Amino acid sequence: MTKEFKYLKEGLASDIVQFLMKDYNLDIQTALSTLYDSDTYSKISDPTTGLYFQGSRYVYSYLQNELKTGMVG
């Protein structure tokens, strides 16, 4: 795992946790669990998907869809 990949992944995670807290009125612990337990996060963590390189709102839309439907994308 390169430093750039780790930095981008952590930045995305931070933004998405903030979105979850605001949009779903979650506390930080629940927001972190929601993200880290998701298939979306698995895809962010896999450098071959390239998802870590996308914008926060774009990736967040994947998570929102997953939360609504149970499926990513």
Side-chain angles (χ1 to χ4, degrees):
M1 177 176 355
T2 67
K3 285 185 181 183
E4 179 185 61
F5 171 72
K6 186 176 177 184
Y7 175 78
L8 291 171
K9 183 177 85 165
E10 289 174 0
L12 268 178
S14 176
D15 289 350
I16 291 170
V17 165
Q18 290 177 40
F19 297 153
L20 285 168
M21 291 171 64
K22 180 180 178 227
D23 294 347
Y24 294 90
N25 198 30
L26 301 177
D27 60 77
I28 191 165
Q29 198 65 26
T30 305
L32 285 166
S33 293
T34 300
L35 174 61
Y36 292 149
D37 293 340
S38 70
D39 287 336
T40 300
Y41 188 72
S42 296
K43 295 198 180 303
I44 293 168
S45 299
D46 179 357
T48 63
T49 67
L51 198 56
Y52 71 94
F53 204 66
Q54 301 300 318
S56 310
R57 287 276 174 197
Y58 178 75
V59 177
Y60 181 55
S61 71
Y62 272 75
L63 180 59
Q64 287 178 303
N65 187 60
E66 180 181 350
L67 294 173
K68 285 180 194 170
T69 66
M71 298 185 311
V72 180

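Starting from 1, each residue takes its place in the sequence as its number. On a predicted model such as this, the values are computed, not experimentally measured, just so you know.
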For S45 and F5, the nearest pair of non-hydrogen atoms, with its separation, is O-CZ, 3.4 Å

Minimum-distance pair of heavy atoms, taken over all atoms of V17 and L35:
CG2-CD2, 3.9 Å

Could you measure the distance from the [atom1] atom of [X] to the [atom2] atom of [Y]? Nearest 0.5 Å is fine.
X   : Y   : atom1 : atom2 : value
Y41 : K9  : OH    : NZ    : 3.5 Å
S38 : L20 : OG    : CG    : 8.5 Å
S56 : L63 : OG    : CG    : 12.0 Å
R57 : L12 : CZ    : CG    : 12.5 Å
Q18 : L26 : CD    : CG    : 13.0 Å
L32 : D27 : CG    : CG    : 9.0 Å

Under the 3.5 angstrom rule, does the side chain of E66 hit a backbone N or O of D39 as a donor-acceptor pair?
yes

Any donor-acceptor N/O pair, S14 side chain to E10 backbone, under 3.5 Å
no

Verdict with supporting geometry, Y24 and L67, side chain to side chain contact (heavy atoms under 4.5 Å, CB included):
CA-CA 11 Å; Y24 294 90; L67 294 173; 4.2 Å; yes

Student check: side-chain heavy atoms of I44 and Y62 closer than 4.5 Å:
no

S61: partners by side chain to side chain donor-acceptor pair (under 3.5 Å), with sequence neighbours left out:
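None.
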
Run through N65, D15, D23, T40 and flag the one making a side chain to side chain donor-acceptor pair (under 3.5 Å) with Y60.
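By the side chain to side chain donor-acceptor pair (under 3.5 Å) criterion, Y60 pairs with just one of N65, D15, D23, T40: D23.
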
Within a radius of less than 6.0 Å around CD1 of I28, do more than 12 heavy atoms belonging to other residues, nucleotides or ligands occur?
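Open: at most 12 neighbouring heavy atoms sit under 6.0 Å from CD1 of I28.
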
